[in-house]
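Please see the structure below; I have some questions.
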Amino acid sequence: MRVTYDAVANMAYIHLVDRIDPGEAVQQVVAGDGTTAVLDFDARGRLLGVELFDAGSRLHPDLLDAAERIG
């Protein structure tokens with residue numbers, strides 16, 4: 001598992017697989033109230049990762065500290 005965090009956008013992505021190829025995430029499912037998270041699934045219905053909105057307030061500070069910074 002790998003976590004990336006964009007502090008400017010306050011968005012995180014939790015990668016559940018080592019690599020997601022372009023076009024591999026074929027289904028996105030909104031979780032929560034529409035501004036919480038988007039779940040990315042492959043063609044076989046396997047969860048690849050989770051895009052998390054407002055990550056600074058939703059993730060534990062230790063996880064954010066360890067996240068790879070992007071953006």
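From a predicted model like this one, the values you see are computed outputs, not experimental measurements. We number each residue from 1, following the sequence as shown.
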Q | Same apolar cluster (I L V M F W Y, side chains within < 4.5 Å links), Leu47/Met1 | A |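 Yes, Leu47 connects to Met1 through the hydrophobic network.
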
**Q.** Heavy-atom side-chain contact between Val38 and Phe53 under 4.5 Å
**A.**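 Yes, side chains in contact.
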
(Q) With rounding to the nearest 0.5 angstrom, report the NE2 to CG distance, His60 to Asp65. (A)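 Here the interatomic distance stands at 9.5 Å.
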
(Q) Just so I know, are the side chains of Ile20 and Tyr13 near enough to count as touching, which here means a heavy-atom distance under 4.5 Å? (A)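 In contact.
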
Q) Where do Tyr5 and Ala12 come nearest, in terms of heavy atoms and distance? A)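 Reported closest heavy-atom pair: CD1-CB, 4.1 Å.
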
Q.
Just verifying a value: how many Å separate Arg69 CZ and Leu64 CG, rounded to the nearest 0.5 Å?
A.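 Between Arg69 CZ and Leu64 CG, I get 6.5 Å after rounding to 0.5 Å.
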
**Q.** Close side-chain approach of Val50 and Asp40, heavy atoms under 4.5 Å
**A.**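 The answer is no, as the side chains (C-beta and beyond) never meet within the 4.5 Å cut-off.
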
Q. Are the side chains of Thr36 and Arg58 in touch, meaning some heavy atoms are under 4.5 Å apart?
A.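 Heavy-atom side-chain distance check passes, below 4.5 Å.
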
Q: Quick one: pull up CD in Glu68 and CG in Asp6 and give me the separation to the nearest 0.5 Å.
A: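 Those atoms lie 11.5 Å apart.
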
Q) In this structure, are over 12 heavy atoms from other groups packed under 6.0 Å from Asp21 atom CG? A)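 Counting other residues, nucleotides and ligands, CG of Asp21 exceeds 12 neighbours.
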
**Q.** Distance, nearest 0.5 Å, that separates CG of Leu48 from CG of Leu39
**A.**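 The CG atom of Leu39 is 10.5 Å from CG of Leu48, to the nearest 0.5 Å.
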
Q.
So, taking the atom named OG1 in Thr4 and the one named CD1 in Ile70, what distance separates them when rounded to the nearest 0.5 Å?
A.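 If we round to the nearest 0.5 Å, Thr4:OG1 and Ile70:CD1 are 4.0 Å apart.
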
Q. Can you tell me how far CG of Asp42 sits from CD of Gln27, rounded to the nearest 0.5 angstrom?
A.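 One gets 9.5 Å once the value is rounded to the nearest 0.5 Å.
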
Q.
With heavy-atom distances below 4.5 Å as the criterion, would you say the side chains of Leu52 and Met11 are in contact?
A.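 With C-beta onward as the side chain, the pair stays apart.
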
**Q.** Min side-chain heavy-atom separation Val3-Leu63 under 4.5 Å
**A.**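 Answer yes - side chains close enough.
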
